[in-house]
Amino acid sequence: MSDSVIMFIGQIFNGLKIGSVYSLVALGYTMVYGIIRLINFAHGDFIMVGSYALMLTIPFIIACGLPAWFAVIPAVLVCVAVGIIVERAAYKPVREKGNNMTALITAIENGSQALFGADYQTVPTIVEIPTLVLGKLKIDGATIITVLLGIAIMVALQLFVSLTKQGKAMRAVSEDKEASILMGINVNSTITLTFAIGSGLAAVAALMYCISYPQVSPMMGAMLGLKAFVAAVLGGIGSIPGAMVGGLLIGVAESLTKAYIGTITAGVITSAFSDAIVFGILIIVLLVKPSGLMGEPETEKV
């Protein structure tokens, strides 16, 4: 293979790596929207919360003689707790009374900044994965693990929603809340469970992100969350496979933009171009196919 082909394939894999992170966050967006028809724009900050939890607990986990990646367990628990608090303190009042939730969402970022400062901090090494070498092509081992883990979680989540009692309750609440109440489903508990699962997925996304990019800051979740939202819309918000596909496509588009437009512009405005491409995709999707690649068009009953 020529060097240009190897570079292209390498960028595809780089895109799949960050795209898997977007996919997991997009799953949180799509689950919450599917249940309560609200966008949880605080969801990107759950990655930040999970990353700080990893940073703080990894030394303790290693001191206990366990592998560093075991720190994902307390990170998931912390993110689930934060997700439940956000749902109860912000989204439940919105559902019931239409209160404003902006203050609480802002408080997450400001609170983290007050505790840890505004600068980037380094996350200890989580796991060392050997690079896969195929001739001239070198694939980062973290990329393979990240993509496979993302796909496995997506499949498990789809099976959970399709086959379990709690998953069927989620689907019922999504279709008709009033009818669900009449059928004996606890709507508030179902919504809380949805937030908890989505928040736990954000902690896993934080693990995947920190394996490849071992640094954390209070504002790291803002752009990650926005791009994951674009991924959810692209795949079809409300569709679990759509969130996965959308995340991978956004990751690949971003990676290719940085590689090739960065070459043309000498890397001066690479990030700005890649962000513009991502949000340009959102505009195109909303204009051409608002329901997304795998979403179902909503019909309004008259």
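Keep in mind the model is a prediction, meaning the values are calculated, not measured. Atom set for the values below is all heavy atoms of this structure, side chains included, hydrogens, waters and symmetry mates excluded. Numbering starts at 1 and runs along the sequence shown.
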Could you grab the distance from atom SG of Cys210 to atom OH of Tyr52, nearest 0.5 Å is fine? 10.5 Å
Is any side-chain heavy atom of Ile277 closer than 4.5 Å to a side-chain heavy atom of Glu254? no
State whether the side chain of Ser239 and the backbone N or O of Gly235 hold a donor-acceptor pair below 3.5 Å, judged by distance alone. no
For Ile181 and Ile185, what are the C-alpha separation, side-chain angles and deciding distance, and is it a side chain to side chain contact (heavy atoms under 4.5 Å, CB included)? CA-CA 5 Å; Ile181 294 173; Ile185 295 174; over 6 Å; no
Ile139 backbone acceptor or donor facing Thr143 side chain under 3.5 Å: no
Rounded to the nearest 0.5 Å, what separation is found between the CD atom of Gln121 and the CD atom of Gln215? 11.0 Å
Not counting sequence neighbours, list each pair that qualifies as a ring pair (Phe, Tyr, Trp, His ring centres under 6.0 Å) and has a residue in residues 198-219. Tyr209-Tyr213
Rounded at 0.5 Å granularity, tell me how far CG in Asn14 sits from NZ in Lys258. 10.0 Å
Quick one, Val161 and Gln166 - any side-chain contact, counting heavy atoms below 4.5 Å? no
Could you tell me whether the side chain of Val230 reaches within less than 4.5 Å of the side chain of Val285, counting heavy atoms only? no
So, the side chain of Asp45 versus the backbone of Met48: is there a donor-acceptor pair under 3.5 Å, distance only? no
Same apolar cluster: Ile237 and Ile284, side chain cutoff 4.5 Å: no
Atom CE in Met170, atom OG1 in Thr164: separation rounded to 0.5 Å? 7.0 Å
To the nearest 0.5 Å, atom OG of Ser180 lies from atom NZ of Lys168 at 14.0 Å
4.5 Å side-chain heavy-atom contact, Ile250 and Ile18: no
Please give me the minimum heavy-atom distance between Ser51 and Val216, naming the atom from each residue. CB-CG2, 3.5 Å
Are Leu27 and Leu163 connected in a single hydrophobic cluster, I mean Ile/Leu/Val/Met/Phe/Trp/Tyr linked by side-chain heavy atoms less than 4.5 Å apart? yes
Under 3.5 Å, side chain of Tyr29 to main-chain N/O of Gly225, donor-acceptor pair present? yes
Correct closest heavy-atom pair for Val80 and Ala196 would be CG2-O, 3.4 Å
Contact check, side chains of Leu234 and Leu282, non-hydrogen atoms, under 4.5 Å: no
For Phe160, does the CZ atom have more than 12 heavy-atom neighbours from other residues, nucleotides or ligands under 6.0 Å away? yes
Determine, stepwise, if the pair Leu149 / Leu24 fulfils side chain to side chain contact (heavy atoms under 4.5 Å, CB included). CA-CA 10 Å; Leu149 183 59; Leu24 286 187; 5.8 Å; no
Of all heavy-atom pairs between Glu87 and Thr192, which one has the smallest distance, and what is that distance? OE1-OG1, 3.1 Å
Determine whether a donor-acceptor pair (N or O, by modelled atom type, separation under 3.5 Å) exists between the side chain of Ser162 and the backbone of Gln158. yes
Atom CE in Met208, atom OG1 in Thr146: separation rounded to 0.5 Å? 5.0 Å
Check: Phe46 and Val82 side chains under 4.5 Å, non-hydrogen atoms: yes
Student check: side-chain heavy atoms of Ile211 and Leu207 closer than 4.5 Å: yes
With distance as the sole test, does Ser20 use its side chain to make a donor-acceptor pair with the main-chain N or O of Leu16 at under 3.5 Å? yes
According to a 4.5 Å side-chain heavy-atom criterion applied to Ile, Leu, Val, Met, Phe, Trp and Tyr, with indirect links allowed, do Phe279 and Val25 form part of one hydrophobic cluster? yes
Would you check if the side chain of Thr30 reaches a backbone N or O of Ile240 as a donor-acceptor pair within less than 3.5 Å? no
Could you report the tightest heavy-atom contact between Pro67 and Ile61, atom names first, then the distance? O-CG2, 3.1 Å
Apply the test side chain to side chain contact (heavy atoms under 4.5 Å, CB included) to residues Leu249 and Ile281: give CA-CA distance (whole Å), side-chain angles for both, the deciding distance (0.1 Å), then the verdict. CA-CA 10 Å; Leu249 289 177; Ile281 291 173; over 6 Å; no
Check Ala75 against Gly50 and note the closest heavy-atom contact, atom names and distance. CB-O, 3.9 Å
Considering only heavy atoms from C-beta outward, does the side chain of Leu157 approach that of Ile197 to under 4.5 Å? yes
If I compare all heavy atoms of Ser199 with all of Gly83, which pair ends up nearest, and what's the gap? OG-CA, 3.2 Å
Donor-acceptor pair, side chain of Ser23 and main chain of Met244, under 3.5 angstrom: yes
